[in-house]
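Notes follow the structure.
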Amino acid sequence: MVEIKEALEIIRSQSVQLDSEVVSLKDSLDRVLAEDLKAGFDLPGFDNSAMDGYALGGLQQEYKIVGEVAAGDSKEFIVKKGEAVRIFTGAKVPEGSSAVIMQEKTEVKENLLILKELPKEGQCIRKKGEELNKDELVFSKSYQITAAGIGMLGSLGLHKIKVFKKPIIQLITTGNELVAPGESLQAGQIYESNSGAIEAALKSKGFSSSASIQMEDDFELIKTGISQALENTEVLILSGGISVGDYDFVKQALEENGVEELFYKVKQKPGKPLYFGRKGNQFVFALPGNPASSLSCFYIYVLPLLQKLSGLPGKGLLELNLPVSKDFENKGDRPVFLKANIGNNLVEILNAQGSSMIGSMAKGNALAYVEAFKKIEKGSLIKTFLIS
Ligand code: AMP
Ligand code: MG
């Protein structure tokens with residue numbers, strides 16, 4: 001049995017091989033850059049107007065209007081002192097312009113432009129290279145692309161982006177008692193709900209599983225199932241059958257498939273019988289079958305590895321320290337991850353904490369952490385991990 005901290009260190013210390021691929025910019029949201037990206041040209045590429053107004057030659061009260069330039073126009077103007085050019089937002093500022101004045105601050109009498117106030121030198125001109133210079137670093141390798149990031153890369157004309165590949169993930173759920181939702185239940189059976197929850201959790205964090213199969217508690221079947229899954233997977237996630245019951249065959253089946261155990265059992269509640277192993281560059285998590293345990297273990301342990309495998313630092317869920325809304329005492333000898341809800345900057349620890357109970361987790365958005373034998377008082381800070 002390992003402590004939570006040790007388990008996380010083991011996961012984070014895995015050296016992993018990262019492959020890259022080229023994707024189109026529009027499909028690059030949340031992907032992680034596999035190379036430093038530098039600007040191919042100055043941004044903006046030319047001095048342009050920040051306003052609809054007039055480009056001014058020199059700074060004075062009155063000007064002669066000599067022409068017009070709109071966004072996208074390529075004609076080359078030169079303004080001389082005392083001349084003004086009608087200009088629109090984004091249009092190329094004519095050479096010789098001292099400033100642009102917004103139209104609201106002007107009056108026009110036929111060909112004469114009269115300023116209501118004098119602008120400062122350079123006012124309302126977005127200078128060439130003001131945001132980025134050619135060859136300047138735009139984003140470093142390992143930057144995770146956001147919507148604004150797509151906007152930025154688009155403004156640099158990029159449409160193909162080199163990103164790290166995402167890991168190939170497969171899911172195996174085990175249990176004789178499990179029946180797929182939609183089918184009818186016989187006595188003693190329950191619905192299989194972990195695969196749906198884990199697939200959704202994967203999706204919400206930008207991953208997906210390439211296959212999900214349900215297996216009976218049969219040693220040979222599970223052993224073969226694992227062997228087949230390992231033919232084409234980078235991360236295999238199993239659920240159930242990893243405890244110490246007579247029908248828990250997963251651990252032995254992994255051993256017989258040549259998977260090396262990196263840890264088994266974590267001093268925590270829920271999720272004590274968590275297993276993590278490796279075979280070459282393939283990783284295996286066996287999550288305890290109880291629905292809330294399996295999903296909590298996914299967020300706390302599987303997610304950081306998936307992040308590492310996709311080129312991120314692997315920090316897992318966002319950690320926050322926020323005041324708790326009520327007193328709470330962990331009377332047990334294991335640290336706990338509690339189903340919780342963050343709202344109004346307060347952490348509410350939810351009712352129904354049983355490891356089989358997923359309903360309370362469904363109503364919350366976080367997992368709160370409390371050490372063994374620790375009492376925390378209302379208003380004191382509690383370590384909380386934000387799920388969504
Ligand atoms: P196990 O880890 O296989 O001992 O399972 C622990 C508990 O979780 C048992 O009550 C199982 O019926 C339940 N369980 C296991 N796998 C699933 C699953 N995929 N969906 C829903 N409940 C499950
Ligand atoms: Mg089972």
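Predicted model, so just to flag it, every value in this text is computed and none were measured. Whatever order the structure lists ligands and atoms in, that order sets their numbers, starting from 1.
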Do Glu177 and Tyr247 have side-chain N/O donor and acceptor atoms under 3.5 Å apart?
no
Please work out, at 4.0 Å between heavy atoms, whether the side chain, the backbone, both, or neither of Glu177 comes within that distance of ligand 1.
side chain
Leu274 and side chain to side chain contact (heavy atoms under 4.5 Å, CB included): which partner among Leu287, Val2, Ile242?
Leu287
Gly175 to ligand 1, any heavy atom closer than 4.0 Å:
no
Would Thr173 count as being in polar contact with ligand 1, using the rule that some N or O on each side must be under 3.5 angstrom apart?
no
Do Thr89 and Asp52 get their side chains close enough for a donor-acceptor pair, meaning under 3.5 Å?
yes
Closest to atom 4 (O) of ligand 1 among protein heavy atoms sits Asp248 OD1, 4.0 Å
Here the atoms of ligand 1 under 4.0 Å from any heavy atom belonging to Tyr191 are 20 (N), 21 (C)
Does any N or O atom in Ser195 lie less than 3.5 angstrom from one in ligand 1, N or O only?
no
At what distance is the nearest protein heavy atom to atom 10 (O) of ligand 1, and which residue and atom is it?
Asn290 OD1, 4.1 Å
Can you tell me the protein heavy atom closest to atom 17 (C) of ligand 1 and the distance?
Asn194 ND2, 3.4 Å
Can you tell me which residue and heavy atom of the protein come closest to atom 19 (N) of ligand 1, and the distance to 0.1 Å?
Glu192 OE2, 2.9 Å
Side-chain ion pair, Glu199 and Lys203, N-O less than 4.0 Å:
no
Return the orientation label for the Phe219 and Phe249 ring planes: parallel under 30°, perpendicular over 60°, tilted otherwise.
perpendicular
Any donor-acceptor pair under 3.5 Å linking the side chain of Asn194 with the backbone of Gly289?
yes
Selected option - heavy-atom contact closest to atom 8 (O) of ligand 1, from Gly241, Gly289, Ser356
Gly289
Should the proximity of Ser193 to ligand 1, defined as any heavy atom under 4.0 Å, be assigned to the side chain, the backbone, both, or neither?
both
Flag this pair as yes if the NZ/CZ of Lys251 is under 6.0 angstrom from the six-membered ring centre of Tyr275 and inside a 45 degree cone about the axis; otherwise no.
no
Tyr301 and Phe337 aromatic ring geometry - parallel, tilted or perpendicular at 30°/60° bounds:
perpendicular
Is the contact between Ile190 and ligand 1 made by the side chain, the backbone, both, or neither, using heavy atoms and a 4.0 Å cut-off?
side chain
